[in-house]
Protein chains: 2
Amino acid sequence: MDTIKILKELNFTEYEAKAYLALLEKSPLSGYAISLSSGVPRSKIYEVLAGLVERGEVMMSHENTALYSPVPPKELINMKKQRAKISFEMAEKALENYSYLSLNRENIWNISGRDAIMSRVKEVIKSAKERILIEIWREDAEEIEEELRQAANSGVEVLVVSYGEITFDFGQIYPHDASEEITEEYGGRWIILSVDDHEVVAGIVSLGDDSRAAWTMHPSLVMPITEVIVHDLYIHEMLVAHRETLEASFGPNLVDLRKRFNFGPSGYSFAAKLGLVNKG
Amino acid sequence: MDTIKILKELNFTEYEAKAYLALLEKSPLSGYAISLSSGVPRSKIYEVLAGLVERGEVMMSHENTALYSPVPPKELINMKKQRAKISFEMAEKALENYSYLSLNRENIWNISGRDAIMSRVKEVIKSAKERILIEIWREDAEEIEEELRQAANSGVEVLVVSYGEITFDFGQIYPHDASEEITEEYGGRWIILSVDDHEVVAGIVSLGDDSRAAWTMHPSLVMPITEVIVHDLYIHEMLVAHRETLEASFGPNLVDLRKRFNFGPSGYSFAAKLGLVNKG
DNA sequence: ATGTAGTCGCTACAGGGGTAACTACTAAAT
DNA sequence: ATTTAGTAGTTACCCCTGTAGCGACTACAT
């Protein structure tokens with residue numbers, strides 16, 4: 001990946017990133033030389049360097065002709081970390097009073113972006129008192145393993161329907177007869193979480209910043225979504241007990257059974273069912 | 001301090017900060033209501049909210065009229081921390097190859113800003129093999145205590161001339177007969193650090209981002225600057241051994257002695273001596 | 001009519017990115 | 001000794017985007 005992009009994430013401008021990288025390649029250099037090797041126009045190099053010097057990211061030597069040298073990368077990153085830490089602490093202090101809010105229980109809240117969704121999932125798991133039902137892919141399970149373990153240790157019943165092999169040392173895992181096909185059908189991996197039968201989070205989490213999910217306590221949504229998971233548990237139990245019989249009727253795996261209904265790429269969409277469609 | 005400013009540090013724009021704070025005060029709210037209570041113009045509130053929703057900083061509910069609700073502050077900060085952490089890790093990986101640099105030993109490097117100076121000081125201390133001489137104020141000593149302790153534990157001789165009471169459980173501390181007067185004379189608290197008699201960092205550190213310092217291995221500068229500290233040690237020893245005699249000659253404290261020379265606010269400036277004057 | 005909800009269009013300004021041209025110094029090349 | 005070319009530094013513009021701020025306009029419900 002592009003080093004310049006990464007530096008931009010740390011609040012460098014493109015010119016600043018180019019100048020700094022040029023200095024890492026070779027130093028010390030004059031402004032003119034930096035301009036040549038970095039591609040930053042000579043006309044801009046001095047203000048760019050002045051900015052970097054002011055923020056302590058490069059050092060300057062006042063010879064007859066000024067020379068510049070980069071602060072070593074490790075030191076640079078430590079400085080930035082330190083500053084970020086202070087910003088976070090100040091923000092925490094400033095916002096700690098606004099502790100919490102009365103969310104209307106009748107609303108459905110949309111959550112955008114994988115980070116935000118996983119964050120919400122973790123918080124909801126932490127709030128669990130009695131039972132957690134969760135349907136989740138192996139790829140995403142690791143990220144919330146710790147939160148689930150804490151819940152389980154606090155006496156919360158943890159039931160996991162897993163797509164792909166998940167091995168937790170707590171709770172009960174019910175592997176789902178999944179196939180790649182199912183993932184493609186719904187456009188990605190999803191998470192369905194139901195906590196204490198009164199709060200659910202559901203949505204697709206494999207699309208990075210385009211992932212979308214819903215979070216609600218609305219009873220008439222919590223009920224059916226919880227049931228989705230419960231049904232998957234039933235089916236699992238049925239398969240365990242009577243696989244031969246069922247396969248004789250419906251074929252070698254459950255995907256074929258699904259096709260007997262109107263499910264499928266053009267059928268009744270899971271996303272639509274959850275109210276997740278990107279409006280109209 | 002202003003909460004909006006703090007949020008701006010976390011990459012909120014002013015409008016975004018105002019909208020988010022309004023939602024913390026009361027939620028859920030419609031876009032219109034947020035506009036009223038936040039002061040963000042109605043004409044801008046929807047794009048501002050769209051940005052916040054996209055980054056997962058507020059949640060949205062698609063009722064007949066859209067409602068917005070903030071992600072709780074703690075969760076917000078955790079998300080941002082997570083992202084920052086990832087940015088730092090990527091930057092570390094991207095820059096780890098450029099680890100070293102060939103600095104011309106004849107140059108004097110200017111360092112701007114307290115953070116950058118303290119960072120440089122710490123690195124130089126870490127590089128010490130034999131002896132560290134440092135002149136430092138009580139207020140600044142704490143920040144580098146850990147680095148100095150590590151050096152002392154590795155067998156490096158640590159000699160500290162302290163302004164104000166410093167109590168380290170390692171090295172040797174020589175309290176300086178300092179007065180407020182001296183600080184004012186030179187415009188702030190300074191640090192003078194000399195490592196292994198071949199590298200020095202010296203400058204003023206009490207002016208925040210306006211603090212400036214020099215770092216050099218230039219032998220003809222390292223020598224006299226190291227001597228500055230050594231002389232302070234000599235004077236300390238002289239005072240310990242013969243305080244009565246000396247005070248009989250020069251008055252009750254050393255500040256009076258200083259005045260017998262051309263030192264003082266209008267005299268020969270320490271900053272100038274170190275080449276720290278902000279050019280001409 | 002009034003309050004609520006949302007949209008469109010415009011101005012102004014700052015910062016970042018990009019080009020051209022102008023001065024001045026220095027060091028070979030003629 | 002003068003020209004030429006490269007090095008070094010500076011000034012003046014240009015465009016574009018994002019943010020901030022203002023006003024007006026639609027729509028709908030009570």
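We name chains A, B, ... by the order of the sequence lines, and we start the count at 1 in each one.
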Taking salt bridge (Lys or Arg N to Asp or Glu O under 4.0 Å) as the cut-off, I'd like each qualifying pair that reaches into residues 27-54 of chain B, sequence neighbours left out, listed once.
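Listed once each, the pairs would be none.
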
Any salt bridge (Lys or Arg N to Asp or Glu O under 4.0 Å) pairs touching residues 82-94 of chain A, not counting sequence neighbours?
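Listed once each, the pairs are A:Arg83-B:Asp115, A:Glu92-B:Lys81.
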
Tell me which pairs pass ring pair (Phe, Tyr, Trp, His ring centres under 6.0 Å) where either residue lies in residues 6-60 of chain B, with sequence neighbours left out.
B:Phe12-B:Tyr20

Test of understanding: with side-chain hydrogen bond (donor to acceptor under 3.5 Å, both in side chains), list the residues that count as partners of B:Lys126, not counting sequence neighbours.
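Only B:Glu123 meet the side-chain hydrogen bond (donor to acceptor under 3.5 Å, both in side chains) criterion with B:Lys126.
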
Listed by chain and number, what are the side-chain hydrogen bond (donor to acceptor under 3.5 Å, both in side chains) partners of A:Lys26, not counting sequence neighbours?
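So A:Lys26 forms no side-chain hydrogen bond (donor to acceptor under 3.5 Å, both in side chains) with any residue.
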
What's the CD1-P distance between A:Ile34 and D:dA8, to the nearest Å?
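Result: 11 Å.
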
Name all residues meeting the side chain to side chain contact (heavy atoms under 4.5 Å, CB included) criterion together with B:Met60; count only those two or more places apart in sequence or in a different chain, and write none if there are none.
B:Val53, B:His62, B:Ala66, B:Tyr68

With a 4.0 Å limit, can you tell me whether A:Tyr32 has a side-chain N or O closer than that to the phosphate oxygens OP1/OP2 of D:dG9?
no

Exactly one of A:Val48, A:Leu23, A:Val40 should register a side chain to side chain contact (heavy atoms under 4.5 Å, CB included) with A:Lys18. Which one does?
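Single pass found, and it is A:Val40.
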
Check salt bridge (charged side-chain N to carboxylate O under 4.0 Å, His left out) between A:Glu147 and all other residues, then give those that pass, not counting sequence neighbours.
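In terms of salt bridge (charged side-chain N to carboxylate O under 4.0 Å, His left out), with neighbours along the sequence ignored, A:Glu147 is linked to no residue.
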
First and last nucleotide of DNA chain C, 5' to 3', lying under 4.0 Å from heavy atoms of chain A:
C:dG16 to C:dA20

At under 4.0 Å between heavy atoms, which parts of nucleotides 11-30 of chain D does protein reach? Answer with one letter per nucleotide, 5' to 3': B base, S sugar-phosphate only, - none.
B-------SBBBB-------

